Amino acid sequence: MSFAVPDSVRPIRDAVHAFMTERVEPAEPVLHAGGPGAAAALDELRAEAKKEGLWALGHPRELGGGGLPFLDYVHVNEVQGRSEFGQLALGTFTLQDSLMLHEHASPEQRERYLEPLVRGDIWPSFAMTEPAISSSDPTQIRTSAVLDGDEWVINGHKWFTTGASRAAYTTVMCRTEQDAPPHLAFSMILVPTGTPGYRIVRETPVLGLDGAHCEVRYEDVRVPAANLLGPRGHGFVIAQQRLGPGRIFHCMRWLGQAQRAFDLMCRRLQERTAFGEPLAKKQLMRQHVFDSYAEIQAARLLTLDAAEAVDAGSQARVEIGAIKVVGARMLHNVIDRAIQVYGAAGLTPDTPLDRMYRHARAGRIYDGPDEVHIDSVGRRILGEYAAGGNWEFGLR
């Protein structure tokens, strides 16, 4: 295991890094403002990415993507994560949905959704979380779908369906089997967002940030039976295939955010003076640098280790659960220290840190709260010992 980016990946990673720092990051004020100006700026960035061969790098080549192998794309995803707009500008925000459709979609579904998804012509959305239940136990999902002739009739209430307000369709996790075991009782169904009964209640702000996280009601929504994605009752299987690599992508993007915050902090320490000398000469300020360095390096190694395990064919449940917790904590801590170094300025929109900080806090909740992952990792490791084995770190 090496921290270093492989030589074969370095040129494309450097190109993405330059695109992020020279074009995406400077455009953030316009993109944050929203409206027609933001839409035009994003369209321009997307066109530039396509022109320069940086579009959809992680998507399979046979779908029209860049075809980067999983581990190579992990390294690219790190620098893409420097800005919340990186995925949108580079066409990778559809990757999880594209891979899910590539694996499970019917020929008709592929033509209608998958091909335009990779091109960036349409947006996807994914509906699993519900406001009335604890989402850390998704077997409680109440949204249901009943087969009525050749149509599914869907009723339920979802929220945090990110991007639903602009999406062409939503992949809905819903109960379709009444007598099956909990993890075989749910299915995925593709629902065009213009279907009668599909009603967006609101876009829910998150810590004051508008991120198109939509609350949606399904009121006798009827879609063809052919809109079932994969086999009936296999919703959890499909969800796990989607979420495992997705969590690795999250953690690598968090490392990109942490790198940006670390750079801002270290430069501020060099530029700012107090009591007659640069802040960089203050021992407590150096403590911030040390702690951030150690946490970033540890989180990065854990994440790359998990990615290697997945690439080798493992489900890597322990490794992925660990990085989800460690990565989110690391990101919060590094940004928090950078804000502390900036002082009052760090609390304002004069730096990107205030938005980064709020996004970082959400990381400890989405894709499973910390507590669920901590419990799962502890249970799995202790299970090895209960079975008479052990957890030998040097052999894992």
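For reference, positions follow the sequence shown, starting with 1. Treat the numbers as computed from the prediction; the structure is a model and nothing was measured.
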Crowding at CG, D137 (>12 non-hydrogen neighbours, <6.0 Å)
yes
Decide yes or no on side-chain contact (heavy atoms from CB on, under 4.5 Å) for D354 and R358, but give the supporting numbers first.
CA-CA 7 Å; D354 72 318; R358 287 179 279 171; 3.2 Å; yes
Would you compute the distance between atom CD of E295 and atom CG of N333 and round it to the nearest 0.5 angstrom?
4.5 Å
What are the two closest heavy atoms between P192 and R112, and how far apart are they?
CG-NH2, 3.6 Å
Distance-only, no hydrogens or angles: does the Q257 side chain make a donor-acceptor pair with backbone N or O of G81 under 3.5 Å?
yes
Is there a donor in the side chain of S144 and an acceptor in the side chain of R175, or the other way round, less than 3.5 Å apart?
no
Would you mind checking if D263 and R82 are paired as a salt bridge, meaning a charged N to carboxylate O distance below 4.0 Å?
yes
Would one find more than 12 heavy atoms of other residues, nucleotides or ligands at under 6.0 Å from atom CZ of R267?
no
If only atom types and distance count, is the side chain of D350 paired as donor or acceptor with the main-chain N or O of A345 below 3.5 Å?
no
May I ask you to decide if G66's main-chain N or O and R61's side chain share a donor-acceptor pair within less than 3.5 Å?
yes
Closest heavy-atom contact between A280 and R286?
O-NE, 2.8 Å
Interatomic distance, CZ@F85 vs CG@L45, rounded to 0.5 Å, equals 10.0 Å
So do R202 and C214 actually touch side chain to side chain, heavy atoms under 4.5 Å?
no
Determine yes or no for a side-chain-to-main-chain donor-acceptor pair under 3.5 angstrom, with T303 supplying the side chain and A299 the backbone.
yes
Lys/Arg N to Asp/Glu carboxylate O, K324 vs E371, below 4.0 Å
no
Would you say the side chains of E219 and H157 form a donor-acceptor pair under 3.5 Å?
no
Hey, could you give me the CD/OG1 distance between Q270 and T273, rounded to the nearest 0.5 Å?
12.0 Å
Who are the ring pair (Phe, Tyr, Trp, His ring centres under 6.0 Å) partners of W55, not counting sequence neighbours?
none
Check the hydrophobic clustering (I, L, V, M, F, W, Y; side-chain heavy atoms under 4.5 Å; chains of links allowed) and say if V76 and L90 are grouped together.
yes
Quick check for you: to the nearest 0.5 Å, what is the distance between I320 atom CD1 and I248 atom CD1?
4.5 Å
Would you please say whether a donor-acceptor pair under 3.5 Å links the side chains of R110 and H102?
yes
Below 4.5 Å, heavy atoms only, C-beta onward: do Y342 and L347 meet side chain to side chain?
no
Residue from H359, H373, H250 passing ring-ring contact (aromatic ring centres under 6.0 Å, His included) with Y366
H250
For K282 and E277, indicate whether the former's side chain and the latter's backbone hold a donor-acceptor pair under 3.5 Å.
no
Is there a side-chain contact (heavy atoms from CB on, under 4.5 Å) between F126 and M188? Walk through the geometry before answering.
CA-CA 10 Å; F126 185 82; M188 299 281 194; 3.5 Å; yes
Pick from I335, L269, V341, L353: which one makes a side chain to side chain contact (heavy atoms under 4.5 Å, CB included) with L264?
L353
I'd like to know if the side chain of Q80 pairs up with that of T92 as donor and acceptor (distance under 3.5 Å, no hydrogens or angles considered).
yes
Is it the case that the side chain of T193 and the backbone of A167 share a donor-acceptor pair, with hydrogens and angles ignored and the cut-off at 3.5 Å?
yes
Over all heavy atoms of both residues, which pair between A89 and F19 is shortest? Give the atoms and the distance, please.
CB-CE2, 4.3 Å
Using a 4.5 Å cut-off on heavy atoms from C-beta on, say whether the side chain of I238 contacts that of E103.
no
With a 3.5 Å cut-off and no angle check, do the side chains of D291 and Q287 form a donor-acceptor pair?
yes
So, E130 side chain and W159 main chain: donor-acceptor pair closer than 3.5 Å or not?
no
Donor-acceptor side-chain pairing of T94 and H59 below 3.5 angstrom:
yes
Can you check whether E151 reaches V223 side chain to side chain, under 4.5 Å on heavy atoms?
no
Around atom CD of E111, are there more than 12 heavy atoms of other residues, nucleotides or ligands at under 6.0 Å?
no
Would you find a donor on one side and an acceptor on the other, under 3.5 Å apart, between the side chain of T21 and the backbone of H17?
yes
Minimum-distance pair of heavy atoms, taken over all atoms of C251 and I323:
SG-O, 3.3 Å
Count the heavy atoms of every other residue, nucleotide or ligand shown that sit under 6.0 Å from OH of Y385, and state whether that count exceeds 12.
yes
With distance as the sole test, does S314 use its side chain to make a donor-acceptor pair with the main-chain N or O of V310 at under 3.5 Å?
no
S165 and E203: side-chain donor and acceptor closer than 3.5 Å?
yes
Hey, are H32 and R355 close enough side-chain-wise for a donor-acceptor pair under 3.5 Å?
yes
Under a 3.5 Å distance rule, please check whether Q109 uses its side chain to pair with a backbone N or O of A226 as donor and acceptor.
yes
Under a plain distance cut-off of 3.5 Å, with no hydrogens placed, do T170 and Y198 share a side-chain donor-acceptor pair?
yes
Would one find more than 12 heavy atoms of other residues, nucleotides or ligands at under 6.0 Å from atom CD of Q140?
yes
Applying ring pair (Phe, Tyr, Trp, His ring centres under 6.0 Å), name anything that partners F262, two or more places apart in sequence or on another chain.
none
For a quick test of reading the model, state the closest non-hydrogen atom pair linking L331 to A258 and the distance between them.
CD1-N, 3.7 Å
Does R10, at its CZ atom, have more than 12 non-hydrogen atoms belonging to other residues, nucleotides or ligands within less than 6.0 Å?
no
Per the side chain to side chain contact (heavy atoms under 4.5 Å, CB included) rule, which among E44, R46, K51 passes with E48?
E44
Is it true that atom CD of E108 has more than 12 heavy atoms of other residues, nucleotides or ligands lying nearer than 6.0 Å?
no
Give a yes or no on whether a salt bridge exists between E177 and R232, defined as a side-chain N under 4.0 angstrom from a carboxylate O.
yes
Any chance the rings of Y169 and W123 have centres within less than 6.0 Å?
no
E384 atom CD, over 12 foreign heavy atoms within 6.0 Å:
yes
Heavy-atom pair of closest approach, residues A168 and I122
CB-CB, 3.8 Å
Just verifying a value: how many Å separate R242 CZ and M173 CE, rounded to the nearest 0.5 Å?
10.0 Å
Any chance the rings of F249 and F70 have centres within less than 6.0 Å?
yes
Taking atom SG of C174 and atom CG of N155, what is their separation to the nearest 0.5 Å?
10.5 Å
Going by ring pair (Phe, Tyr, Trp, His ring centres under 6.0 Å), name the residues that satisfy it together with H213, two or more places apart in sequence or in a different chain.
F160
